[in-house]
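Written out below as C-alpha cells is the structure these notes cover.
What you are looking at is a predicted structure, and each value in this text was computed from that prediction instead of being measured.
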Amino acid sequence: GAHENLGGTLQSKGDLDGAITVWRKAIELNPNWSWAHGGLGDTLRAKGDSDGAIAAYRRAIKLNPDYAGAHRNLGELLRTRDDLDGAIAAFRKVTAIEPKKALTHGSLGDALRAKGDADGAIAAYRQAIELDPDYAGAYRALGNLLRAKDDLDGAIAVFRKVAEID
C-alpha cells in the first residue's frame, strides 16, 4: 500500500527517520501487517539499530511465520552478533519456505561453518551449488572446508570449478 511505497522510497532516499515514522504509522493503523514490521526492521537495521530491527523482524515473523525475508534478515543480524544458533534456526526456516534459493543455503552454510559444523556447512554449500552452478562463493567456501578436512582431491576439483566461473 501507500505506506509501504512511501516507507521504502524514503529509506532509499536516505531519510531513515522519515521512513521509520511512516512504518510506525502503518503499524499503528494495522498492527497485524507483517510487511510493515519487516519494513520497520529493514529501516532500523539500515540506521544501525540492531536491537530494534531484531524485535521488528520477530514481530513480523510472529504475525506471518512464512515471511522468508524477515527470517533471512533476522538470521543475518543474529549471525553478526555471534548468535549462531539463532542464525542457523532462521536460515533453516528460510530454506524450508524457499527451498530453491541458493543464496539462503549459502547463508546457512556460512552460519554452520562459523558454528564449527563442517559437515552441515558442506551439505548446505553443495545444495546451494546444485541450485546455482555459478555460485562462486559457495564453491570457495566448500573448497576451503574440503581442504581443511584433508579431502585435497575434492578441494582441487572445487577450486578448478571456481577458476572456471569466477
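Remark: Leu108 CG to Leu103 CG distance equals 11.5 Å, nearest 0.5 Å. Residue Glu164 holds its CD atom at 14.0 Å from CZ of Phe159, rounded to the nearest 0.5 Å. Here the OG-CG distance, from Ser34 to Asn64, works out to 4.0 Å after rounding to the nearest 0.5 Å. If you take CG on Leu16 and CG on Asp42, they are separated by 11.0 Å, rounding to the nearest 0.5 Å. How far CG of Asp132 is from NZ of Lys101: 12.5 Å, rounded to the nearest 0.5 Å. Note that the CD atom of Glu130 and the NZ atom of Lys100 stand 8.0 Å from one another [nearest 0.5 Å].
When the side chains of ILVMFWY residues are joined at heavy-atom separations under 4.5 Å, either directly or via intervening members, Ile129 and Leu145 end up in a single hydrophobic cluster. With hydrophobic clusters built from ILVMFWY side chains whose heavy atoms lie under 4.5 angstrom apart, Ile97 does not share a cluster with Phe91. By the criterion of side-chain heavy atoms lying less than 4.5 angstrom apart, applied directly or through intervening Ile, Leu, Val, Met, Phe, Trp or Tyr residues, Leu146 is grouped together with Ile165 in one hydrophobic cluster.
Under the salt bridge (charged side-chain N to carboxylate O under 4.0 Å, His left out) criterion, Arg81 pairs with Asp51, not counting sequence neighbours. Take Asp85 and apply the side chain to side chain donor-acceptor pair (under 3.5 Å) test, not counting sequence neighbours, and it matches Lys115.
The side-chain hydrogen bond (donor to acceptor under 3.5 Å, both in side chains) with Thr104 is formed by just one residue from the set Arg72, Glu98, His71; it is Arg72.
Clustering of Ile, Leu, Val, Met, Phe, Trp and Tyr by side-chain heavy atoms under 4.5 Å joins Tyr57 with Ile54, Ile61, Leu74, Leu77, Leu78.
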Dump the intermediate steps for salt bridge (Lys or Arg N to Asp or Glu O under 4.0 Å) on Arg79 and Glu76, then the final yes or no. CA-CA 5 Å; Arg79 187 175 63 203; Glu76 290 169 5; 5.7 Å; no
Chi angles and distances behind the side-chain contact (heavy atoms from CB on, under 4.5 Å) call for Asp66, Lys93: CA-CA 8 Å; Asp66 291 333; Lys93 182 66 178 173; 3.9 Å; yes
Show your working on side-chain contact (heavy atoms from CB on, under 4.5 Å) between Arg92 and Leu112 and close with a plain yes or no. CA-CA 10 Å; Arg92 284 197 194 285; Leu112 289 166; 3.7 Å; yes
Do Leu44 and Trp23 pass the side-chain contact (heavy atoms from CB on, under 4.5 Å) test, and can you show the C-alpha distance, the side-chain angles, and the key distance before you say yes or no? CA-CA 10 Å; Leu44 291 169; Trp23 289 123; over 6 Å; no
Could you go step by step and tell me if Arg24 and Ile20 meet the side-chain contact (heavy atoms from CB on, under 4.5 Å) rule? CA-CA 6 Å; Arg24 288 197 167 130; Ile20 289 167; 3.3 Å; yes
Output, in order, the C-alpha distance, side-chain angles, deciding distance and verdict of side-chain hydrogen bond (donor to acceptor under 3.5 Å, both in side chains) for Asp110 and Tyr125. CA-CA 9 Å; Asp110 293 343; Tyr125 291 133; 2.5 Å; yes
Let me see the working for Lys149 and Asp119 under salt bridge (Lys or Arg N to Asp or Glu O under 4.0 Å), right down to the final yes or no. CA-CA 10 Å; Lys149 289 179 68 105; Asp119 292 334; 2.5 Å; yes
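At least one side-chain heavy atom of Asn73 sits under 4.5 Å from a side-chain heavy atom of Arg45.
In this structure, the side chain of His37 engages the main chain of Pro31 through a donor-acceptor pair within 3.5 Å. Asn144 places a side-chain N or O within 3.5 Å of a backbone atom of Arg140 that can act as its donor or acceptor partner.
Checked for salt-bridge contact, Lys47 and Asp17 meet the test: a charged N lies under 4.0 Å from a carboxylate O.
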